[in-house]
Structure formats: structure tokens, C-alpha cells
2 protein chains.
Amino acid sequence: MASKVGSSPTIVDVAEQAGVSIKTVSRVLNKEAGVQDKTREQVLKVVAELKYRPKLAARSMGGGRSFLIGLLYYDPSAAFVGGVQQGATLRCRESGYHLVVESLHNDAPDIYNQVDRMVSALRPDGMILTPPLCDNPKVLQALRDNETPFVLLSPGQEPADQFSVRMDDELAAEEVTNLLISLGHERIGFIRGAPDQAASELRYRGFVRAMQAHDLTVEESLVWEGDFTFPSGVEGAHKLLSRSVRPTAVFASNDDMALGVLAAAQRLGLNVPADLSIAGFDDSSAASLVWPPLTTVRQPTHEMASVAVEMLITAKGNDAEAATPQSSHRVLPHQLLVRDSSRALHPSAHPHPAPKKV
Amino acid sequence: MASKVGSSPTIVDVAEQAGVSIKTVSRVLNKEAGVQDKTREQVLKVVAELKYRPKLAARSMGGGRSFLIGLLYYDPSAAFVGGVQQGATLRCRESGYHLVVESLHNDAPDIYNQVDRMVSALRPDGMILTPPLCDNPKVLQALRDNETPFVLLSPGQEPADQFSVRMDDELAAEEVTNLLISLGHERIGFIRGAPDQAASELRYRGFVRAMQAHDLTVEESLVWEGDFTFPSGVEGAHKLLSRSVRPTAVFASNDDMALGVLAAAQRLGLNVPADLSIAGFDDSSAASLVWPPLTTVRQPTHEMASVAVEMLITAKGNDAEAATPQSSHRVLPHQLLVRDSSRALHPSAHPHPAPKKV
DNA sequence: CTGAAAGCGCTTACAG
DNA sequence: CTGAAAGCGCTTACAG
């Protein structure tokens, strides 16, 4: 009755209607302790009646928080980024936060200014950085200069005074390689990722570790440096498959390149997996949209994003109390997905170890 | 010298340093007319020196705008959404806006409250809705109740008092069908999209229109209802290809389903495109990551998003002046991408019309 | 357990 | 062409 029609209600409207001060309304809404049950109920009743919702901008002006988390990414089409975004939006919603997305070219000369401009105006409570941006010194510096907390996702380095979340790329690559070896493959081709991405080296190391553990030689001629794109997978496949003695399996550092290998193999008339086993990395949507579906590694992208958001919200909360520079490094479990693109080299000699199908 | 170290400068700092009022600083920053050149230069100089950046939250409190645009989507993995997001972030940056993303389940029973809660707290200057959310009455109602402007992307309906941007799905589907017919195909299978998406019906109509224009019958047994997912493409392919007289071409309403057809065909030992031509719709990244690459339609997702953002920014700007309920419906051009998954049925009899390759 | 006051950093009328 | 004042809707100290 008393509320002005047209404009949405404010904290003052609620306070008047409930017969309390705006401070008390604020206390109830922020779930602060020390409010009489009866008062609390009365306030909540009026809040519901008026459909009152505190505006983010006003909360941001008064308090120190913007309730905004930023996600900085480079390649929006990457399966990794898609998973991270999905996980982050869901986690944000649980806590009344919102996710702001920004895409940047990692090699843009003015990237410092781009990040600086964005952060200094938006004032997010925290930023989530995906590769390769999380390893870009200019980006990190712009964030520090603006005193904006950030979490690195799968970074190449894990400096002591920072937050990061990742999976064990090296271990996962080792597992994939072990799978191929257990299927009887000994001549295994490997396609590396982009040189500027930390995961490229880690996955290669895992491959080498598994090979050496089985006394298999890593032939230089069977390792090709790609850049995580489909075309580089096609090119790598042509190189590797043109060797006098062809590899019987190819492990590509990500699914896009593995799909390139698959396409090249099919074009060359090879039957996958009968003539060639293929494995990728990422569990991109396309990995299960081809025939045969790709053996690959599912990265815990949702979980990584969820943990990252939580770190940022918590850090902001503790900020007021303790000025202790915090840090945390989390490593989340991945999952090996064995699908039809990999098969035993000699079914009779090397029985398939009944892998879990997905 | 005079600026307090630690906290970032405010409009007051700039005004003092420049020897003008904060109102004048505000005028310069907002590019309002009626400021002496000399004064303007002086202000800009101090702004640069202090690296002053107006905070969004404060601008939002004072004025009516939040400089936030929301993007509401259902399936984040969809190529359509990815393209829209990329186009929207870039266009937002040009105007100092930021893109907030939220994913929703279209069939969530409390979807009204989800949208209401988000919008009433965030107060974005506008929202962009992707299918099928743009056709969900509850979502639209929640937006109207909060007086939040919105643009519908490829909606099923185009009510007079709303903003929308789309491409001509029916025409594009007609063009794809015409291509297949020009290649000599007469028995063409069609896989429909999800029943709750407007594009499904439009694309089917385009298919029918092209067939009828060439006096070809649309056999019911050659039309399968899918749901835009890969598995439904696989299932549809098995049904269509099990007919006594097989179709020589299959047109799927989107790429995911076309990839399902491709996978199924390859599994059945059919050679694509020699034994079967396939066409899709979307130009998803996977469409060019398979062999053979898919003939498909590139939707102008970037451009659609860019136009949508512009509509919202403009609408908000005019809002103060004229209270005239505006509306606008834009139709953007698409592109037919002819790739190797489609081929002439009888190369000698029907010479390939030298289509543009991509 | 509750409240009155000040302040966050801008913009919008309103003057001159 | 420029400015002093009020206000946007919250929160943070500070009292009692």
C-alpha cells in the first residue's frame, strides 16, 4: 500500500514497513549474528512482501565487494574454457556472485592496458585466468597493480604467493601412454602442444616417463611439435605416418590435434583403430562426436573453476581480518576415458585389459 | 605528490589537481559538449597522470546505467552460444560495457525466480537471450517485471514491441537443399531438430520448399525427428539408411546431428561422400575437424551479438529522452559453406557447379 | 540487541 | 562555459 509504484523498493522502504532501522535490515540480509529472532522474522516477512532485492551496485559502493568475478580467456572455442565457464557460473550463483567474461589475445602488445582498464573500472572481487594468459607476466602485473586477487588455472609456474588450481597433466599423459603400451604398442608417435603453453611440456614429460619405464625408446622422428590446432594435427600425422616404419599408435596432446590425426589417417585410407590407435586429451565435445570416439583424458574443468571461485570469495572475506598474504595450490583428479580409437595391436597376443568404457 | 598512496584516485582527486569542479571532470569524461578546449585538455592531462578510471559501481549508483549486459544461455557447448558470446564481449568492450553470463535450464520450474533474482540484483542495462530461452514466456515475463530491456536472438516469434536479431533459417535450409539437388540428389533424407526450438520448423520448411520447387516428393519415411544432439543423429541415420532404397544424401538440421550421421555411415562401412552426401547447419568447430569436412551453413553469430549489444546500449541511451516503446527486427546474412561431405551423385551426368570451397 | 550518522564515488537536475 | 548541492542505496565504524 505504502510502497511507491514504479520504482523497486529500497532498504529504506523495508525498514519503514518493518518498523526498524535500515541497519537492522542490513544485518538480517547479510546474516549477521545478533538480531532477535522476532525482529529477523518481521524483516524477512516485509522483504518477501515487497520482493525486496539489494542492488549489487549499492552494496558495492558501500562495502568493499563488487560480487563480480572475472574470467579471462584466450580461445573461447577451447573445450577447457567452456568447462571452466560453466563451472564458474554455477558456483557463482550459489553465492550471489556473477561471472563477467573477457577474451584477450595473449600476444597483444597492449595487453597490460587492456587488463588494467578492465579491472580498474569493473573492480571485480577476483579474476580467474586460463592458459596461456595465466602465464603472461603483463597480465599478472596489471592485476597486482590493481590489487585484484586472482587464481591461476593450470599455470606453468606456481609462485608461493599465489592461488592456483590444476590437474596433474604429466601423470595423465603417463597413464595414456601406459594404456597404449599395455595394448601392445611400442612405436608410439607423439604430437606436442603449443610451445608457449605449460601443459605441452608436462604432457610430453609424462609420455617420456612412461616410455622409459618400459624400456621403450622415444624416437625423435616420432615426435612432432604441433600447436593444439586441428591443422597441426593433420600435418603432424602426415609426417609421422610417412616414416618408413609407421607408428602403430599416436598420442596427441589434445583432442583437436587427435581429430586431425584421425582425419588424416582416414584420408590416407587407414582404418582406426585397426591400423592405427589414437589418443587425445581434453574430452572435448567433438571427441565423442566422431567415429571412432576418442580415447582421451577428462580434465576436471568444472571442479577447477568451482574451487577457484571459492578461493576468491573466501580470500575477499578474510581480507578484512588478516592481512596475511595467503596462497594455495590445489591439484584435482582427472579421468582416463578409454574409447574405441585405441585397440590392442595384436588382439590374440595382447588381450585387452577390459578398460572402462564411457 | 598530493595523491594518497594506496587507494586509487577518485574524481575528487582529479578535480583538485586540475583546479576544476568534479562536475567538469565528469563532463570531460562523458564527452559532454560545452567544455572549453583548454579546460578539457587540462583535465585529460591530470586523468592520464593519475591514471584515473571511473569506477563502474559509482557510475551505476549515480546515473541510471550499470554498464553491464547479460547473456542468458541454455547449452554452453553449442557453437551458436560460443559465437554469440565472443561477438558480444568484443562489442561490449568497444563501449566500456561488460558481459555477464548466466546459464539456465529452460525447463527449470523456478526459472522465473532464477531470472528475477539475477536481474533484480544485478540490474543489467540489457539482456541477450539465446534459443530456446528467448521463446520461454516465464523468462520474458521476469525481464519485463524488472523493466530490463532485452534482445531475442533467433526467436520463434517476433512480437511487435520487442527487439530481435536473427538470420533466415528457412532460406538457408532451402539453399542447402538446392545444393544437394543440383548435385543430382533426389532421395534426400532430412533430420529435424528439437521440437521446442523454433529453428527446427523453419529449417524443415526450407527443405520442403526446395524439394517441392523441384517437383521432388518429401517422403515421410525419409524425415526423422532428432533433438539437435549427436546421438539423435546417429539414431536418425540408422533409421534413414535402413530403408529399402537408401537416400543418397542426408541433410541434418545442425552439425552435431550431421556428425552423428557421418559417424553412423562410417561405422556401416559407407564412404562419405562417395556413397552418401551429408550436410549440416551451424559451422561448429567440429564441422571442419572431421573427414570429410561438413558442408554447412555459417550463422552470423558474431554479427548478431554485436547488433544486439548495440540495440541495448542505444535503447538505454534514448530511454531518458523518449518514452516511446521501441522495437526492431534485424535479419542478418548467412553463408553457405560447401565442403567435401557433399558430392555430385553421378559426376559425369551432373557436373559439379564449382561451389566456393572454404 | 539496535540505531543515527557518515561515507562510498559518481551523476543528475538546477543555478549562474 | 562552469559549479555547489543533493542524491543514488547500500555498508562501515561508532554509540548506547
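Letters A, B, ... mirror the listed sequences (proteins, then strands); counts begin at 1.
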Runs of at least three consecutive Watson-Crick or G-U pairs, both distances under 3.5 Å, are what I'm after; which ones involve DNA chain C? C:1-3 with D:14-16, C:5-12 with D:5-12, C:14-16 with D:1-3
Using a 4.0 Å heavy-atom cut-off across all strands, classify Lys23(B) as base, sugar-phosphate, or nothing. base
Students often get this wrong, so: under 4.0 angstrom with heavy atoms, is Gly62(B) touching a base, only sugar-phosphate, or nothing? base
By nearest-heavy-atom nucleotide on DNA chain D, the more 5' of Gly63(B) and Thr24(B) is Thr24(B)
Could you pick out which residue, Arg27(A) or Val12(A), lies toward the 5' side of DNA chain D when each is mapped onto its nearest nucleotide? Val12(A)
Asp116(B) side chain to Tyr112(B) backbone, donor-acceptor under 3.5 Å: no
By nearest-nucleotide position on DNA chain C, the 5'-leaning member of Val20(A) and Gly64(B) is Val20(A)
Just to be sure I understand the geometry, which residues of residues 31-39 of chain A put a non-hydrogen atom under 4.0 Å away from DNA chain C? Gly34(A), Val35(A), Gln36(A), Thr39(A)
Within the supplied structure, the quantity of interest is the number of heavy atoms (other residues, nucleotides, ligands) at a distance under 6.0 Å from Arg330(A) CZ; does it exceed 12? no
Distance only, no hydrogens: is a donor on one side chain within 3.5 Å (strictly under) of an acceptor on the other, for [X] and [Y]?
X	Y	result
Arg91(B)	Gln86(B)	no
Ser120(B)	Asn146(B)	no
Gln85(A)	Gln85(B)	yes
Gln17(A)	Asp13(A)	no

Taking heavy atoms of chain A and a 4.0 Å limit, find me the 5'-most and 3'-most nucleotide of DNA chain C within that range. dC1(C) to dG9(C)
Of His329(B), Glu158(B), Gln299(B), which is the lone residue that meets side-chain hydrogen bond (donor to acceptor under 3.5 Å, both in side chains) with Arg166(B)? Glu158(B)
